[in-house]
Chemist: 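Below is a structure I'd like to ask you about.
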Protein chains: 2
Amino acid sequence: MTPRKAVVEELDKEKIMQAARELFVTKGYRSVSMRGIAGRLGYSHGALYYHFKDKADLFSAMVMADFDRLNDRLDEAMAEHTDHPAATLERIFMAYIRFGLDHKPHYEIMFMLEQSELNDAARRAQMVSYDRFAAAVLRLLRDSGKPGGVPIAVPWSLFLSLHGFVAYYLHTEQTYDQLLGLAEQYVGLMVRGLG
Amino acid sequence: MTPRKAVVEELDKEKIMQAARELFVTKGYRSVSMRGIAGRLGYSHGALYYHFKDKADLFSAMVMADFDRLNDRLDEAMAEHTDHPAATLERIFMAYIRFGLDHKPHYEIMFMLEQSELNDAARRAQMVSYDRFAAAVLRLLRDSGKPGGVPIAVPWSLFLSLHGFVAYYLHTEQTYDQLLGLAEQYVGLMVRGLG
DNA sequence: GCATTAATTGACCGTCGGTAAATAAGGTGG
DNA sequence: CCACCTTATTTACCGACGGTCAATTAATGC
């Protein structure tokens, strides 16, 4: 009936991503449909395809925004480097876990999507974010005076460990606060492995 | 036209699970459909619903069979307990990683399915299998003469670490043999954390 | 005011998981 | 051998999905 709305209520990428986020909170991202997102906004589903090429394109845009946030959190954790490198390391690890558990719907699409559900740009953002993490970890390990070189596989192992922790609790109801003690034990185990 | 086939070519659960497995190898399990499985066997999709209540029921049956196999592998790794407990621990960890990477399609449905995609029995099998793992790890840690008690969270942390490793490489082309060196470093880091 | 462009609708396509009635084969008792 | 019941399968159907596209109307530029 009205194949174009008044400009004040026009759709844009931000509104679409926001609606998608709200749906992710209640249902898992698997069951969030393009039709559902459009319906929540009062539009027909076809309108979304004017703003995003397809569902992977929408997911990817959200993922890239989320990686920017994660990078900020890790930067903050590193910025307080007044104490020992080992303590900074623990802060970074805890910041990672906290980000994952405080923003489960975000983390879910960042790391739990199949590769086919993301476009190239989003995959690049994943890798870039990991590179920052790895560089920071390597620097801290060297600063803390490790004898000899630090094997390049170490940051990767640490990342995998952190991801394993978050990924498991992603689909439970438990919050970061509830898991705090366990997370600290876990991180402690990780850091002791580096000694 | 022929609403029942000759008895020699009747469908059964085994045939269906086998066909599903074959499809998992080429496509991810996400894109394996009930129609696709039936088609591969030369049946119409409705026939599957006579043998399995729904897709979750089919997946769950496969998952439970896979946990039996994983339990066997871990039992084998523990059985060779001629040497130090620490060496046995490493063998168990490596056996876990090996199972995951040697049987990626199996591991995928065992651990990467959403809870809603499994029925109660399959969820129980997951927990029982973890309990075996945890009991074995706890026993070995105590045998190796840990001073004081071993926190109950330790086996769980170890499991999460192993899962993190396997989960990441699940969607890559890399084989267990190619990742052997990295896996050994990773396991080494884990065990050192216990010292 | 008129032509052009931008944004939205809604019909349509093929595929999915799932249900249920119809139907034919297998098994059973007389 | 036949009648009857059970078992296994087909097929049509449902609603929902992702995605495409011509039609349509609001906004914009000249």
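Every chain is numbered from 1, with letters handed out A, B, ... down the list of sequences.
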Chemist: Looking only at side-chain atoms of B:Y49, point me to the closest of C:dG17, C:dG10, D:dG19.
Modeler: C:dG17
Chemist: Using only heavy-atom distances, decide whether a donor-acceptor pair under 3.5 angstrom links the side-chain of A:H45 to the base of D:dG19.
Modeler: yes
Chemist: Main chain of B:S157, side chain of B:S161: is a donor-acceptor contact present, judged purely on distance under 3.5 Å?
Modeler: yes
Chemist: Tell me the interatomic distance from B:R30, atom CZ, to C:dC16, atom P, rounded to whole angstroms.
Modeler: 15 Å
Chemist: Under 3.5 Å, is there a donor-acceptor pair between the side chain of B:T172 and the main chain of B:Y168?
Modeler: no
Chemist: Tell me which pairs pass salt bridge (charged side-chain N to carboxylate O under 4.0 Å, His left out) where either residue lies in residues 29-51 of chain A, with sequence neighbours left out.
Modeler: A:E22-A:R40, A:R30-A:E117
Chemist: Under 4.0 Å, heavy atom to any atom of DNA chain D: which of residues 31-39 of chain A qualify?
Modeler: A:V32, A:S33, A:M34, A:R35
Chemist: To the nearest Å, how far apart are B:K13 NZ and D:dA8 P?
Modeler: 11 Å
Chemist: Describe, in one word, how the ring planes of B:F159 and B:H163 are oriented to each other, choosing from parallel (under 30°), tilted (30 to 60°) and perpendicular (over 60°).
Modeler: parallel
Chemist: Provide the full list of salt bridge (charged side-chain N to carboxylate O under 4.0 Å, His left out) pairs with a residue in residues 165-179 of chain A, sequence neighbours left out, each pair given once.
Modeler: none
Chemist: Rounded to the nearest angstrom, tell me the gap between atom CG in A:L41 and atom C1' in C:dT9.
Modeler: 15 Å
Chemist: In whole angstrom, give the distance that lies between atom CD of B:E9 and atom C1' of D:dA8.
Modeler: 12 Å
Chemist: When the distance from CG of A:D12 to C1' of C:dA7 is rounded to whole Å, what number comes out?
Modeler: 12 Å
Chemist: To the nearest Å, how far apart are B:H51 NE2 and C:dG18 P?
Modeler: 16 Å
Chemist: Restricting to nitrogen or oxygen on both sides, can you table the protein-nucleotides 4-6 of chain C pairs closer than 3.5 Å?
Modeler:
{"from": "C:dA6", "atom 1": "N3", "to": "A:R4", "atom 2": "NH1", "distance (Å)": "2.9"}

Chemist: Tell me, with the steps shown, if B:D68 and B:R73 meet salt bridge (Lys or Arg N to Asp or Glu O under 4.0 Å).
Modeler: CA-CA 9 Å; B:D68 287 342; B:R73 290 296 170 284; over 6 Å; no
Chemist: Show me the pairs that pass salt bridge (charged side-chain N to carboxylate O under 4.0 Å, His left out) and involve residues 118-127 of chain B, at least two apart or across chains.
Modeler: B:D120-B:R123
Chemist: So B:F111 and B:F67, would you call those rings parallel, tilted or perpendicular, with 30° and 60° as cut-offs?
Modeler: perpendicular
Chemist: Could you list the residues that satisfy side chain to side chain donor-acceptor pair (under 3.5 Å) with B:S60, not counting sequence neighbours?
Modeler: B:N119
Chemist: For A:K53 and D:dG19, give me the distance from atom NZ to atom P, rounded to whole Å.
Modeler: 8 Å
Chemist: For A:G46 and for B:L11, find the nucleotide of DNA chain D with the closest heavy atom, then tell me which residue's nucleotide is more 5'.
Modeler: B:L11
Chemist: Return the value, rounded to whole Å, for the distance between atom CZ of B:F52 and atom P of C:dT19.
Modeler: 15 Å
